Amino acid sequence: MPELPEVETIRRQLDPQLRGAEIVGADAHWSDKFSPALDAIGSTITEVRRRGKYLLFALDEREAQLELVAHLGMTGSFHIEDASPTSGAHGNPEIGDIKVGNIKIDAFGPHCRALWRFADGRMLRFDDIRRFGRLRVVDAGDYAAIPTLSQMGPEPFDPAFTGKSLHSLVKKSNRAIKTQLLSQRPVAGVGNIYADEALFLAGIHPRSKRVGLERCVLLAETVRDVLQTGVDNGGTTLRDYVDATGRSGSNQHSLLAYGREGEPCVSCGTEMRSTVIDARTSTFCPTCQKH
DNA sequence: CCAGCAGCCTGAAAGC
DNA sequence: TGCTTTCAGGCTGCTG
């Protein structure tokens, strides 16, 4: 499931490839989640950014500055297709023949949800097996229609994210610390895997509702640590995640808590346990992680 | 305003 | 073997 490290890995691959790409056609799955892909037709990608788990494609459309906002959900992935060998008699795309408007996505597999065709003949494909992903074109920076994005907390590597900033939000809420991390409000980009990892390393029980300043300072550090390690390892692949080149990540080999129910804690040897918080499995060490 | 939760989705794996 | 059930979970939007 793509969290910050996975989305950042994809962003770093897409950005240099897509700068300057002019979108001359698009097609999408009929659903409201994906059909906004068509709104990007006629604009040029200037940059691929990231905010939390969202990919933001900056779009230049004559005078207007737009953004294609993409969330990968659970199983979303982006891939760049080279110029189709069937376009043009000698394998060269003939720009003049490219049709502006719909392109049938069916030919690109049962899980293709959107497809953008560029003036240079290349294509950007968005696959999403379970359709938890979402696409939207908005005025640049206008996230009013995307609640989670508009209320998103600081990026974990932003100096604005500190133990103190974390504590000031955490103390106002009566929700479990894990619920708060997943809300994206104290810090952007943390999902179920990295939340379990960060809480384990900080010695904090996922259900804890009382996390003082000292423990928040530690938690802010472990959040940054696990996300940085995730980025360094190219993301975590448990089931479906692949980067924009189709490769799996390797961070799954570094996980100390997530998915280790029944195995011994790497620190004290106690059997790791699982509980369900907000309909998500949470694995923790009952000895090391305190309320 | 906040907390809690149903609903969205498909495919792999487990259960019968 | 083949069918049914369970599980994975980020975000939206509704309810109390």
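Letters A, B, ... are given to chains in the order of the sequence lines, protein chains preceding strands, and every chain is numbered from 1. Here the structure is a predicted model, which is why all the values come from computation and not from measurement.
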Dot-bracket line, read 5' to 3' along DNA chain C, where crossing pairs take [ ] and | marks a partner on another strand, Watson-Crick or G-U under 3.5 Å: .|||||||||||||||
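Summarising the geometry, the separation between CH2 on A/W30 and C1' on B/dC9 is reported as 11 Å, rounded to the nearest angstrom. Between the CZ atom of A/R51 and the P atom of C/dG10 there is a distance of 18 Å, rounded to whole Å. Taking atom CG of A/D127 as the reference point, atom C1' of B/dG11 lies 15 Å away to the nearest angstrom. For A/N174 and B/dC2, the CG to P distance is 12 Å, given to the nearest whole Å. Residue A/D240 contributes atom CG, which lies 18 Å from atom P of C/dC7 at whole-angstrom precision. Atom CG of A/L238 and atom C1' of B/dT10 are 17 Å apart (whole Å). In this structure, A/K172 atom NZ and B/dC1 atom C1' are separated by 13 Å, rounded to whole Å. Between A/M74 atom CE and B/dG11 atom C1' there is a gap of 12 Å when expressed in whole angstrom units.
Judged by distance alone with a 3.5 Å cut-off, no donor-acceptor contact links the side chain of A/R239 to the base of B/dA12. With hydrogens and angles ignored, no donor-acceptor pair under 3.5 angstrom links the side chain of A/R131 to the base of B/dC9.
With sequence neighbours excluded, the residues forming a ring pair (Phe, Tyr, Trp, His ring centres under 6.0 Å) with A/F284 are A/H205, listed by chain and number.
Here the nucleotide nearest the side chain of A/H111, chosen from C/dG10, B/dT10, B/dC8, is B/dT10. Closest to the side chain of A/I129, out of B/dA3, B/dG11, C/dG10, is B/dG11. Side-chain atoms of A/R130 lie closest to B/dT10 of the nucleotides B/dG4, C/dG10, B/dT10.
More than 12 heavy-atom neighbours from other residues, nucleotides or ligands sit within 6.0 angstrom of CZ on A/R51. In A/R215, the CZ atom is crowded: over 12 heavy atoms of neighbouring residues, nucleotides or ligands sit closer than 6.0 Å.
The aromatic rings of A/F34 and A/H29 sit perpendicular, their planes meeting at an angle over 60°, well past the 30° parallel limit.
Nucleic acid contact for A/D128: none, since no nucleic acid atom lies under 4.0 Å from a heavy atom of the residue. Within the nucleic acid shown, A/T179 has no heavy atom closer than 4.0 Å to any nucleic acid atom.
Looking at A/R131 and A/S31, their side chains never bring a donor and an acceptor atom within 3.5 Å of each other. For the residue pair A/Y258 and A/T236, no side-chain donor N or O sits within less than 3.5 Å of a side-chain acceptor on the partner. Side-chain atoms of A/R185 and A/Q151 form a donor-acceptor pair, as typed in the model, at a separation below 3.5 Å. No side-chain donor from either of A/T44 and A/D60 sits under 3.5 Å from a side-chain acceptor of the other.
A side-chain contact (heavy atoms from CB on, under 4.5 Å) with A/T9 is found for exactly one of A/E6, A/R12, A/Q13, namely A/Q13.
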Base versus backbone protein contacts along nucleotides 11-16 of chain C [heavy-atom cut-off under 4.0 Å; B, S, -]: BS----
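In terms of phosphate contacts, A/S173 brings a side-chain nitrogen or oxygen within less than 4.0 Å of OP1 or OP2 of B/dA3.
Panel note: side chain A/S165, backbone A/T162; a donor-acceptor pair is recorded below 3.5 Å.
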